[in-house]
Amino acid sequence: MADLFGFSGALSSLATGLETKASGAVNSLIGQGLNRAESKINNALGPIFGSGFTGVNPESWLAKANSRPDPHLSFDWTIVLPNDPGSLFTYVEEATSPVWMWTGTDAVFRGGQSMYYPERLDTTTLELVFYEDRLFSASSYIQTWMNQVGSPLTGLYNYPNAYKKNITITAQDAAQNPIATLVYYGCWPTDMGSYSFQSATSERTRISAKIAVDGMSLQIGSSSVAASNFGVARITDFIRGVPQSLASSAVGAAGIALNNAVGSLF
């Protein structure tokens, strides 16, 4: 039936008007919410970063994330083993590489609360997984090194300088340039793991060796580790860790302030 009285056109016009108004109102609310969020975040972070802080623009977060350098890939690394008979370094398929850490004391009650202080430097066990060939070359290498520690037949131990060696692991970029060097001092194998022989499947045999470590140094950059002395290397790492610790504290404080600012919006 023809729209004699124009009701259809009026309803269509009314619907269009309401849609325009609603869209404008929603956009306005979103804009106001973003402005309030930006203001609260800037107010919260400003006192932490000082007068040089220029503020945070939510629209720039994604751009900053996209501008990060490419990720490091876990297979770009090399290892230097002590007393390598030839190419045994190519047999190391995995390396769980610890970084030195502070071990804390038990809680000390001071000022009405529990306080914790560093007790000593420590480096946990270095774990290396070896490819095993049909000649048991990896097993022979680890067993020879373990026999340098002492004799399982006589129970006599050797001098530490006979079996404590250094191991170097280098992380590389895509162009095979060194970007991080980890040097482990005073290394010696404590355990070569167990063999897993079976008849249900046909799997490669691998050796998982645990290496005791006296200490380590971490050098970030393309230059090699300059400190060959264990004590000097640890002092260098400690000095390098101070600004990193301060930066971590600032980031932690910023995170708390950011959570408080965003939480107050809701």
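Keep in mind that what you see is a predicted model, and the values were worked out from it rather than measured.
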Report whether [X] and [Y] are members of the same hydrophobic cluster (ILVMFWY, side-chain heavy atoms less than 4.5 Å apart, transitive linking).
X      : Y      : value
Met192 : Leu153 : no
Trp188 : Leu156 : no
Tyr116 : Leu121 : no
Ile169 : Val99  : yes
Tyr131 : Ile207 : yes

Exercise for the section: Go through the steps to decide whether Leu182 and Gln219 satisfy the test side-chain contact (heavy atoms from CB on, under 4.5 Å), and finish with yes or no. Expected result: CA-CA 7 Å; Leu182 300 85; Gln219 177 76 27; over 6 Å; no

So, [X] and [Y]: side-chain donor and acceptor under 3.5 Å apart, yes or no?
X      : Y      : value
Tyr184 : Thr168 : no
Ser139 : Tyr195 : yes
Asn83  : Tyr141 : no

Fill in the blank from the handout: Test side-chain contact (heavy atoms from CB on, under 4.5 Å), reference Val92, set Leu81, Thr78, Val129, output is Leu81

Do [X] and [Y] have side chains that approach each other closer than 4.5 Å (heavy atoms only, starting at C-beta)?
X      : Y      : result
Val80  : Thr170 : no
Met101 : Thr124 : yes
Gln172 : Asn177 : no
Pro82  : Ile167 : yes

Under 3.5 Å, is there a donor-acceptor pair between the side chain of [X] and the main chain of [Y]?
X      : Y      : result
His72  : Ala171 : no
Trp145 : Tyr163 : yes
Asn158 : Gln148 : yes
Ser114 : Val108 : no
Ser140 : Phe136 : no
Asp84  : Phe89  : yes

Got a second to check how far [X]'s [atom1] is from [Y]'s [atom2], nearest 0.5 Å?
X      : Y      : atom1 : atom2 : value
Trp102 : Arg120 : CH2   : CZ    : 11.5 Å
Ser151 : Met146 : OG    : CE    : 12.0 Å
Leu128 : Ile142 : CG    : CD1   : 7.0 Å

Handout entry: salt bridge (Lys or Arg N to Asp or Glu O under 4.0 Å) partners of residues 87-98, not counting sequence neighbours, each pair once
Key = Glu93-Arg204, Glu93-Arg206, Glu94-Arg206

Handout entry: Residue pairs involving residues 159-186 (criterion salt bridge (Lys or Arg N to Asp or Glu O under 4.0 Å); sequence neighbours excluded)
Key = Lys164-Asp214

Problem - Heavy atoms of other groups near Tyr159 OH, more than 12 under 6.0 Å - result: no

Practice task
For Tyr117, look at atom OH and say whether over 12 heavy atoms of other residues, nucleotides or ligands are found less than 6.0 Å away.
Solution key: yes

Practice task
Before giving the answer on side-chain contact (heavy atoms from CB on, under 4.5 Å), spell out for Arg68 and Asn66 the whole-Å C-alpha distance, their side-chain angles and the decisive distance to 0.1 Å.
Solution key: CA-CA 6 Å; Arg68 296 177 301 177; Asn66 288 335; over 6 Å; no

Practice task
Under the side-chain contact (heavy atoms from CB on, under 4.5 Å) rule, what do Leu126 and Ser97 come out as? Steps first, then yes or no, please.
Solution key: CA-CA 6 Å; Leu126 171 65; Ser97 308; 4.2 Å; yes

Exercise for the section: Under the side-chain hydrogen bond (donor to acceptor under 3.5 Å, both in side chains) rule, what do Thr123 and Tyr185 come out as? Steps first, then yes or no, please. Expected result: CA-CA 10 Å; Thr123 305; Tyr185 304 96; over 6 Å; no

